[in-house]
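Report on the following structure.
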Amino acid sequence: MQSLEFQEEITVFADVIIPVAIPNLYTYRVPREYATSICVGARVIVQFGKTKVVTAVVAKLHNKPPEKYQAKYVLELLDDAPLVTPQQIDLFHWISEYYMCTVGEVLNVALPSGLKISSLSKVQFNPEFSYPDLLTEREREIIEELKKHQSLNYDELARFAEVKNVYHIIKSLIQKKAVIVFEEVREKYSPKILKKVRLTSFYEDESYLKILLGELEKKPQQLDVLLHYLRYVPVLRSPELNNKGLEKSALTKAEVSDSAIKTLVKNGILEQFEVVVSRFEEDLDFVEAPTPTLSSSQEKAFSEIMNSFQEKDTTLLHGITGSGKTEVYIKLIEQVLESGSQVLYLLPEIALTTQIVVRLRKVFGDKMGIYHSRFSDNERVEVWKGVVSGKFSFVIGVRSAVFLPFDNLGLIIVDEEHETSYKQFDPAPRYHARDVAVVIAHRQKAKVLLGSATPSIESFYNAQTNRYGFVEMTERFGSTQLPDIELIDVKVARKQKMVKGDFSDLMLDRVRLNLEKKEQTIFFQNRRGYSPYIQCEDCDTIASCNNCDVSLTYHYNGQELRCHYCGHHEPMPRTCQACGSVKLRTRGYGTEKIEEELQILFPSAKIARMDLDTTRTKTAFQTLINEVESGGVDMLVGTQMVAKGLDFEKVSLVCVFDADRMIHFPDFRSAERAFQLLTQVAGRAGRRGTQGKVLIQTNNPSQKILKQIIENDYVGLYKDEIKEREDFQYPPFTRLIQITVKHIDQPIAEKAAEELANKLAEKLSKQRVLGPEKPLVERIRNQFLFEVMIKLEKTLNLKAAKAFIAEEVMNLRLSKDFKGISVVVDVDCG
DNA sequence: AGCACGCCGACT
DNA sequence: GTCGGCGTGCTC
């Protein structure tokens, strides 16, 4: 045991993670005042570089002063208990190593931005300055501007001075002591505060209250307020309700006099107070619903899962669409929560907005936190802090919810585990939430349940080879039949002139029938906009993006051409940019055009469209869903959004265009994806009682995969796929790492990619390194792309291989021959 | 990734 | 000379 005196002599140093794309930790010196309260996982504010003040997280505490430099001081300590658990810090390191990025990048996406602190350097006029003669004309202007404001930041000054780099001027002003520069640091997160009033406790006594009411006889406004209050709060019957008070807004809404409230407060009859409330409490007037009773097949699945968890850490639940997986989840969650452990329930973003949240809230109430990107950052902070404090033992959330500070997980459910949105593409870390979930569960000795109607080939393989447990649900809940899927050969229909626009007559007949029956129809076209390209009839030129190597999509809404890669948009031209001809034609079908043509064909029908363009905001999305649910819409046209997680009662027909494009997409996962998407969209038809109908238009009805979709033959698809994967050495037999090399100059990009591929092949062997190849889109945002693909078999020492790859990538980035190159590494891509 | 710092050419 | 552009290297 060290003596206290001795301990005090030791300086504490903190190695911190800075949330930016820089490798390594940085060492700061901890001021004595924080030396005992600082802990691993606490946030600190530090000066990083000459200008920036950032929030960082303590990863390590020690007493070794750095040898080569003088450590700067920690400026401020934000938490006296870990906001990030030490386990998470380990996990962040693991993720950064596995996905080949920096820990800073991991921290940056892990922490909601409300927990990072913003810093702005502010410039203020120095009131003690008294040598105006020293200033240049421009400097004098700036000083005058500064005098008008309290202070301005660099950006604002630059705008005023109309120069790009205002730094020189400010530097000169600082030297002349004309201005003061200071840092403004503030916490972005602000808790929600509710203003409340209550009767002072004196009047909780009946006799005093009566006297008061008598006294107020002649003050009708005040009496009105008081009577309103008493109507809401039965003060005499339950003083504890008075203690909780009433929201001030409830009184003002009741149109009582505002000034009367003030007078009552002034006279000590009412008192005002504030409470900090959770942002979720407001929708807490939920009706507690009992746990649903399980059907016999659900009960069976539940006990099989429990059994499977005895032996296996991860279990795959393959339950066909509509088999009622949610009820099984609910029972599992309840069980784990009762045992005192935490539960994380992951869902793809699109599925989270809908009915399921309402349903779970009814069962779990305020134990449940919701972590969603459509929510404000304040709400995310609330959930994060709620997990730390123990308020939320159960969180339902999207991909990034795997970063929440759980320390005692019992179960992670990954619903729709095959969904690609679990994989983050940009920016780094390019992690897969399902795979990270498995790692977290392993570290916390928790169980993982992967649920899907169409499991990913990888997960099903893991189940087949006994790495995962496996449970099946083959019965549809309420014994609804699976939809009847019919293929329409559009090639034949075209020959027989039985196609109008993109609609075969067969399809139109069905749609008409459905409209007459007042049942709803969904149209699935996985392309937004009006037409994917426009073409000149005279010279055949297709309008393309200036910055990317893609055609521009015509959007009727807004009358503009848009690039779906870089976001560039321009007004719809009247003439061809190549030859000046006015004969511009829209080509191909997007959701907007489908919608338009349907409206012409069925003028009386109410038609809605659901795609990225119509659901930009949280409310727009919900409004659309409500409209469809209430039956106010006859036809819904949409992209894959309509396929995912939405349960509409009255949909009895689903029409699919262009299935072929999905099936033949050049990617080794295209068959799997097509099966998943088409099965999901088909599942939207006929939820309860009746059998739904699905029509798929295709140029080639004899494709095997279409037969598998019709027969819901997942195992058949799996067998075909797994063989292909083995033959061509794709996952799950190998791990893929994709490296994308980008440069404004195509030959440089190509040369760099070639050099990299050669270096990698030298050590990893030629079989393991493919490319470089031009990707489907050669140029994005004026950068030419080349891709190198690395296939590593699972038996290989992955860690060593990655370390080598990382080294080569770093060499390339720093290479003097390839200045301006950027290299993106994507582990487990796709 | 920013961003300061330094070197270099253009212009008052 | 001063101003702005661009390339380079560092951040505890």
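The chains referred to below are lettered A, B, ... by the order of the sequence lines, with proteins before strands, and numbering in each begins at 1. Side chains are part of it too, since the values below use all heavy atoms of this structure and drop only hydrogens, waters and symmetry mates.
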Taken to the nearest 0.5 Å, the spacing of A:His432 NE2 from A:Lys423 NZ works out to 7.5 Å

The side chain of A:Lys819 lies closest to which of these nucleotides: C:dT8, C:dC12, B:dA1? C:dT8

Would you mind telling me which of B:dA1, C:dT8, C:dG9 lies closest to the side-chain atoms of A:Lys816? C:dG9

Rounded distance (Å) that lies between atom [atom2] of [N] and atom [atom1] of [X]:
X	N	atom1	atom2	value
A:Ile18	B:dG2	CD1	P	14 Å
A:Phe48	B:dG2	CZ	C1'	10 Å
A:Asp817	C:dT8	CG	P	12 Å
A:Arg813	C:dG9	CZ	P	17 Å
A:Gln47	B:dA4	CD	C1'	13 Å
A:Ile821	C:dG7	CD1	C1'	17 Å
A:Lys52	C:dC10	NZ	C1'	10 Å
A:Tyr73	C:dT11	OH	P	19 Å

Before accepting this row, confirm whether a basic side-chain N of the pair A:Asp613/A:Arg562 lies closer than 4.0 Å to the acidic partner's carboxylate O. yes

Is any side-chain N or O of A:Lys50 closer than 4.0 Å to OP1 or OP2 of B:dC5? yes

Short side-chain N/O contact from A:Tyr28 to OP1 or OP2 of C:dC12, under 4.0 Å: yes

Base, sugar-phosphate alone, or nothing: which one does A:Lys68 contact when heavy atoms must sit under 4.0 Å apart? nothing

Taking the six-membered ring of A:Tyr98, is the NZ or CZ of A:Lys802 close enough (under 6.0 Å from the centre) and on axis enough (within 45°)? yes

Validation row: A:Ile95, A:Val439 side chains within 4.5 angstrom (heavy atoms): no

